Amino acid sequence: DSSTPPAAPPGAATGSATDATAKPATDPLLATVNGAPIHLSDVQDAMRTLPQQARTMPQQILVPMLVDQLIDRQALVITAKKQGLDKDPAVQAQIQRAADQALQRALLQRDIGPLITDDALKAAYEKDYANKPGQEEVHASHILVEHEAEAKDIIAQLEKGADFAALAKAHSKDPGASQGGDLGWFKKDDMVPEFSAAAFALKPGEFTKTPVHTQFGWHVIKVTETRIAKPPTFDSVRDELRQHLIQDAVQKLVKQARADVKVVRFNMDGTPEKPTDSAEPPPAPSGK
């Protein structure tokens with residue numbers, strides 16, 4: 001964490017030695033490699049990439065360790081340049097991709113970061129949650145079996161007064177069978193359509209009179225309670241709202257950027273696409 005910078009090691013340069021290494025005293029020089037400086041800010045940047053647990057190490061241990069790592073990296077870079085790897089087309093392409101990604105991140109952070117404010121999040125909450133009616137929920141249990149005949153037999157036993165939870169424990173292949181098939185509260189969209197349609201058609205205390213077939217097998221469903229769910233609290237959906245705002249802002253920024261550039265597409269053989277290249281192929285002649 002860079003909130004409290006580590007103190008400069010004793011004897012470290014303060015940045016007044018040469019123009020190449022000049023930096024304010026708040027960013028002291030910690031090492032040089034063939035004259036290339038390594039400053040405190042470089043160590044702090046490296047520190048941000050570490051796992052949280054590693055960042056809690058004592059700074060008198062962590063800082064020298066990171067300085068050594070930065071020295072090693074710089075030494076490898078110098079060696080690679082001496083061997084001409086920086087002129088290799090494949091390496092240059094990788095460098096260009098890294099530079100492009102850095103520019104993309106910088107643009108997104110500059111233009112989108114300021115938009116994700118508490119006021120914007122609260123406005124999104126009011127629009128998407130607070131002013132919408134609550135969704136219906138049911139509290140239900142089910143018994144899941146492989147064959148329709150078995151489900152029909154269970155329904156027949158229920159109609160004679162058998163205990164639903166006991167039948168679930170004895171016959172259901174669902175993981176919740178040990179809890180009597182209890183599924184807890186759920187909304188329509190939480191379950192597959194066939195299951196939801198049957199469950200939400202029941203009143204409290206009712207069970208399905210015919211087996212319900214889904215991709216999982218045959219169900220017998222019983223509803224114990226219904227309710228209208230209250231809107232979620234702002235804090236519980238804050239992260240979700242933040243992600244949605246970021247996604248929307250990114251899409252708008254990309255759309256604007258695309259509108260400001262000229263795009264020419266090419267076919268796999270390198271020839272320019274014609275307006276009809278991406279269109280649906282014409283129907284084959286009928287021969288009549």
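This is a predicted model, so every value here is computed, not measured.
- Taking both residues in full, the closest heavy atoms of Val212 and Ala198 are given as CG2-CB, 3.6 Å, listed atom of the first, atom of the second, then distance.
- With sequence neighbours left out, Asp100 forms a side chain to side chain contact (heavy atoms under 4.5 Å, CB included) with Gln96, Gln104.
- Here the closest non-hydrogen pair linking Met191 and Ser196 is CB-OG, 3.3 Å.
- Within the structure, side-chain hydrogen bond (donor to acceptor under 3.5 Å, both in side chains) contacts touching residues 64-86 (residues at least two apart or in different chains) do not occur.
- The minimum heavy-atom distance linking Ala249 with Leu115 is given by the pair CB-CD1, 4.2 Å.
- With 3.5 Å as the limit, one finds no donor-acceptor pair spanning the side chains of His171 and Asp153.
- A donor-acceptor pair shorter than 3.5 Å can be found between the side chains of Thr271 and Asp269.
- For Arg227, the salt bridge (charged side-chain N to carboxylate O under 4.0 Å, His left out) criterion is met by Glu137, not counting sequence neighbours.
- In the hydrophobic cluster analysis, where Ile, Leu, Val, Met, Phe, Trp and Tyr join through side-chain heavy atoms closer than 4.5 angstrom, Leu183 is grouped together with Phe200.
- Taking the six-membered ring for Trp and the full ring otherwise, the centers of Phe195 and His142 sit less than 6.0 Å from each other.
- By the neighbour-count criterion of 12 heavy atoms within 6.0 Å, atom CD of Glu159 is densely surrounded, having more than that number from other residues, nucleotides or ligands.
- Annotation: side chain to side chain contact (heavy atoms under 4.5 Å, CB included) contacts of Lys122 (sequence neighbours excluded): Phe234.
- Residue pairs meeting the side-chain hydrogen bond (donor to acceptor under 3.5 Å, both in side chains) criterion with at least one member in residues 202-214, sequence neighbours excluded: Thr214-His219.
- Here side-chain hydrogen bond (donor to acceptor under 3.5 Å, both in side chains) pairs that include residues 228-253, with residues two or more places apart or in two chains, are Asp118-Arg238, Tyr129-Glu240, Thr233-Ser236.
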